[in-house]
Amino acid sequence: MGEAWYRLGMLLALAAGVWEGPLAIIFRLFTDKEPTVLTAANYLSAPWCYVGAVGAMIIALGVIVVLDAGHKRATGRAR
């Protein structure tokens, strides 16, 4: 995979993690909107929605770490 694909993957993982994590919690706490597919954690009941949102953010950060390690290995081989 080229450098651009790793960067794109990291960007998409970050966007999904932030949207399903902190933004889902903000929507839950400060708006009266119904949950949607974009804020899937908000379908859970009160204490579990926060656990789900934090879990989504942790998973996204894990994906970013794995992609970053792959990116470093790939660019190290190319040089």
Side-chain angles (χ1 to χ4, degrees):
M1 261 177 31
E3 180 178 355
W5 289 110
Y6 282 109
R7 298 289 179 186
L8 179 64
M10 286 188 270
L11 181 65
L12 292 175
L14 178 67
V18 168
W19 193 266
E20 286 296 327
L23 287 178
I25 292 173
I26 289 170
F27 283 145
R28 175 77 176 227
L29 293 175
F30 299 114
T31 66
D32 293 331
K33 293 183 179 181
E34 294 294 319
T36 65
V37 175
L38 296 175
T39 56
N42 290 342
Y43 281 111
L44 300 171
S45 60
W48 295 108
C49 67
Y50 305 116
V51 174
V54 170
M57 188 65 192
I58 290 171
I59 290 170
L61 288 176
V63 168
I64 290 170
V65 167
V66 169
L67 286 172
D68 189 44
H71 172 254
K72 287 179 182 175
R73 276 196 314 267
T75 56
R77 255 184 285 169
R79 292 181 185 175

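Leu44 and Ile25 fall into different hydrophobic clusters, where Ile, Leu, Val, Met, Phe, Trp and Tyr are joined by side-chain heavy atoms under 4.5 Å apart, directly or via other members. Residues Trp48 and Val54 are members of separate hydrophobic clusters, defined by side-chain heavy-atom contacts under 4.5 angstrom among Ile, Leu, Val, Met, Phe, Trp and Tyr. The cluster map of Ile, Leu, Val, Met, Phe, Trp and Tyr, joined by side-chain heavy atoms under 4.5 Å apart, puts Val63 and Leu61 in the same cluster.
Counting only heavy atoms from C-beta outward, the side chains of Tyr50 and Arg28 approach each other to under 4.5 Å. Side-chain contact between Phe27 and Trp19 is present, with heavy atoms from C-beta onward closer than 4.5 Å. Between Met57 and Glu20, every side-chain heavy-atom pair lies at or beyond the 4.5 Å cut-off. At least one side-chain heavy atom of Val18 sits less than 4.5 Å from a side-chain heavy atom of Leu23.
Of the possible polar contacts, one joining the Tyr43 side chain to the Pro35 backbone as a donor-acceptor pair under 3.5 Å is found. In this structure, Asn42 contributes its side chain and Ala24 its backbone to a donor-acceptor pair below 3.5 Å.
Here the straight-line distance linking atom CG of Leu11 with atom CD1 of Ile64 works out to 9.0 Å at 0.5 Å rounding. Between the CZ atom in Arg7 and the NE2 atom in His71 there is a gap of 4.0 Å [rounded to 0.5 Å]. One distance of note links OG1 of Thr39 with CD1 of Ile26; it measures 12.0 Å at 0.5 Å rounding. For the atom pair CZ of Arg73 and CG of Asp68, the computed distance is 10.5 Å after rounding to the nearest 0.5 Å. Atom CG of Leu38 is separated from atom NZ of Lys33 by 10.5 Å, given to the nearest 0.5 angstrom.
Counting all heavy atoms, side chain and backbone alike, Ala41 lies closest to Ala53 at CB-N, 3.9 Å. Here the closest non-hydrogen pair linking Pro22 and Gly17 is CD-O, 3.7 Å.
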